[in-house]
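Quick notes on the structure that follows.
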Amino acid sequence: MSRSIALLAATSFAAILSFGAAAQERIVNVYNWSDYIDESILEEFTKETGIKVVYDVFDSNEILETKLLAGGTGYDVVVPTGTFLARQIQAGVFQKLDKSKLPNLSNMWDMIAERTQKYDPENAYSINYMWGTTGIGYNVKKVQDALGIERIDSWDVVFKPEIISKLAECGVHMLDAPAEMVPAALKYLGLEPTSTDADDLAKAEELLLSIRPSIRKFHSSEYINALANGDICMAIGWSGDIFQARDRAAEADQGVAVDYAIPKEGAQMWFDQMAIPADAKNGEEAHEFLNYIMRPDVVAKASNYVYYANGNKASQELLEEDVIGDPAVYPDAETLANLYTTMPYDSKEQRRITRLWTRVVTGQ
Amino acid sequence: MKRVATAVASRLVIIIPYLWLLVFFLVPFLIVFKISLSGTVIAMPPYTPVFSFADGVSGFFANLARLSIDNYLWLVEDALYVNAYISSIVIAAVSTAITMLVGFPIAYGMARAPAALRPTLLMLVILPFWTSFLIRVYAWIGILKPEGLLNQFLLWLGVIDEPLIILNTHTAIFIGIVYSYLPFMVLPLYASLEKMDYSLIEAAQDLGCPPIAAFWKITFPLAIPGVVAGCLLVFIPAVGEFVIPDLLGGSRTLMIGKTLWSEFFNNRDWPVSSAVAVVLLLILVVPIMYFQQVQARAQEQDR
């Protein structure tokens, strides 16, 4: 009898000990875009700080937003795009950053910080991770065969029905994202990309409908594989995704060459921001993670791996030449001046834009 | 005493399925129904509160007063939703019919195969489930695309001169649904065909009934429970199917699953998407319940 009690006491004591150890183990739960970091960064972070990183990935802002709005995600660091971030801040999803814990903020690039203030006033809730553009990815050889041009540099290939129809047969994909495509159409028409004026939107819809017959598919991720495999010859997509397609095509070595163009008429610029949910359990660790990411050598390593530009000025001298020297990744001043940013639509505008988009996509 | 105990036990056994229904169907349905009566706000969660005792009794009634059926009216105002429902039902019905045409010979062949072979055949029907559904649908992209296996094979045979465009069309959706749901049709059909007494067919043939007439007069009527079960198992999930039309279908394909997705994720309108889901449920449940009642009555008459 007494022995079993002793045993019981011993096991419960052990249980308490192990529980204590578990409570002491520091972790940070990170939810980031897929293929968006050099994973060795996470290992090195754990080595340096003793904080274990539980890393999970998503592939659309909508999925992230739905999880955040439902609450209780269990994540400590999330990476929404600026337009989504702005609305999520309004909904009370995030906690204010404690900037005293983020000394590496001094490394950030003021050019980017100024632009992200549009979404996050005074950058109180978020830091920039990566930024990029929405432009045109294309199969160099197929486009040359169909159009007889060496490289694409204008939205004309997308928005002129007589030109895009020549590419229809080899395949054109377009992002299934009205918040990207409607502003692009407005900008091409010389209108304000952020306009929600009914007449302007009607003109954009007309333009999109005129090229609709030449679009094989509206989808926001399939074009990476389709471009890399040579299944399609053009996709309107996000810069980094198209660079991924370019790299996969090069690795596969099947004679597919993919390139990316920021059209000269202007393109949308977007920002992926790291933020901490209000109900994060490991706020302390999340701040340490953010601070680590803002270290020049760390974020330079990430950019060298994913081919996206980052918002860290001090990291620029550590970037490889094919990243910092590529005008499609780090655009020159002239192109930069032509890039535009958008704001989130309010729910009424959103409904109108989504409805417009459904008419374009399905014809209904 | 013992009899009471068995009565209680049999009651308990009946309670379990009802409990299952309550926890996994009725409660989630009521939550969705509740959300469908509220409106959107920018908050967490993104709809106006419905039932909450947090603000006291007056707050509870204030919330109750704010409930409205506006979201349901909205579904009627825009033809988009009605069209999406109709197109989903048509696509599901056509797919179910094709699945049935493909599945019946398979099930019949299995039921008539030598008894020693049947477990293996059954295994082969279930085998595809060992690979993820998503991967199998993705594999069809590789088969159906213009430079895919099917086109290469047909070109090699010389049947066609240039690749057929199948991917991103309705045809691809039908292929995807028929392929994915075929086991759900074959298994119940096989179950009812296997039980069949084949001496009945022999008797019919002895009496001079030609094989085709014997099939329609004996085999098919006896297989009807399997046909009904199989068709429902294919039709119901096919109506709300999202993955197959998203991956294989073209952008012009309007299905209710996609409409619901864009209401929920693009518009962040949880109330309207809940209303879409409730209406979808009604469209499916009402005919099925009616059908079941008719069938039950028919069975009673048979006795």
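Chain identifiers are assigned alphabetically (A, B, ...) following the order of the sequence lines, protein sequences preceding nucleic acid strands; residue numbering begins at 1 within each chain.
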Checked B:Asn168, B:Thr259, B:Leu80 vs chain A; the most non-hydrogen pairs under 4.5 Å come from B:Leu80
Between A:Asp176 and B:Lys258, does any NZ, NE, NH1 or NH2 come within less than 4.0 Å of an OD or OE carboxylate oxygen? yes
Interface check, chain B: of A:Asp346, A:Ile353, A:Ile63, most non-hydrogen pairs under 4.5 Å belong to A:Ile63
Exercise. If the plane angle is over 60° it's perpendicular, under 30° parallel, otherwise tilted; pick one for B:Trp261 and B:Phe242.
Key: parallel
So, the part of B:Leu247 with a heavy atom under 4.5 Å from chain A: the answer is both
So, the part of A:Glu65 with a heavy atom under 4.5 Å from chain B: the answer is side chain
Exercise for the section: Verify whether the ring centers belonging to A:Tyr125 and A:Tyr119 lie closer than 6.0 Å. Expected result: no
How are the rings of B:Phe184 and B:Tyr181 set relative to one another: parallel (under 30°), tilted (30 to 60°) or perpendicular (over 60°)? tilted
Applying a strict 4.5 Å limit to non-hydrogen atoms, the region of A:Gln90 in contact with chain B is both
CH2 (A:Trp270) and OG1 (A:Thr83) are apart, to the nearest 0.5 Å, by 11.0 Å
Answer key: most heavy-atom pairs under 4.5 Å with chain B among A:Arg359, A:Arg87, A:His219 is A:Arg87
Please check this pair: side chain of A:Arg212 against backbone of A:Ile215, looking for a donor-acceptor N/O pair closer than 3.5 Å.
yes
Looking only at B:Asn83, B:Asp78, B:Ile165, most heavy-atom pairs under 4.5 Å shared with chain A are made by B:Asp78
Turns out that what part of B:Val41 lies under 4.5 Å from chain A's heavy atoms comes down to neither
From the list A:Gln350, A:Lys217, A:Arg351, the residue making the most non-hydrogen contacts under 4.5 Å with chain B is A:Arg351
Most heavy-atom pairs under 4.5 Å with chain A, out of B:Met44, B:Glu263, B:Arg268, belong to B:Arg268
Pair A:Asp35, A:Arg248 - check salt bridge (charged side-chain N to carboxylate O under 4.0 Å, His left out), show working. CA-CA 12 Å; A:Asp35 293 323; A:Arg248 281 190 208 172; 3.7 Å; yes
Okay, A:Asn229 and chain B: the region with an atom under 4.5 Å from a heavy atom over there is side chain
Parallel, tilted or perpendicular: rings of A:Trp33 and A:Phe58 (30°, 60°)
tilted
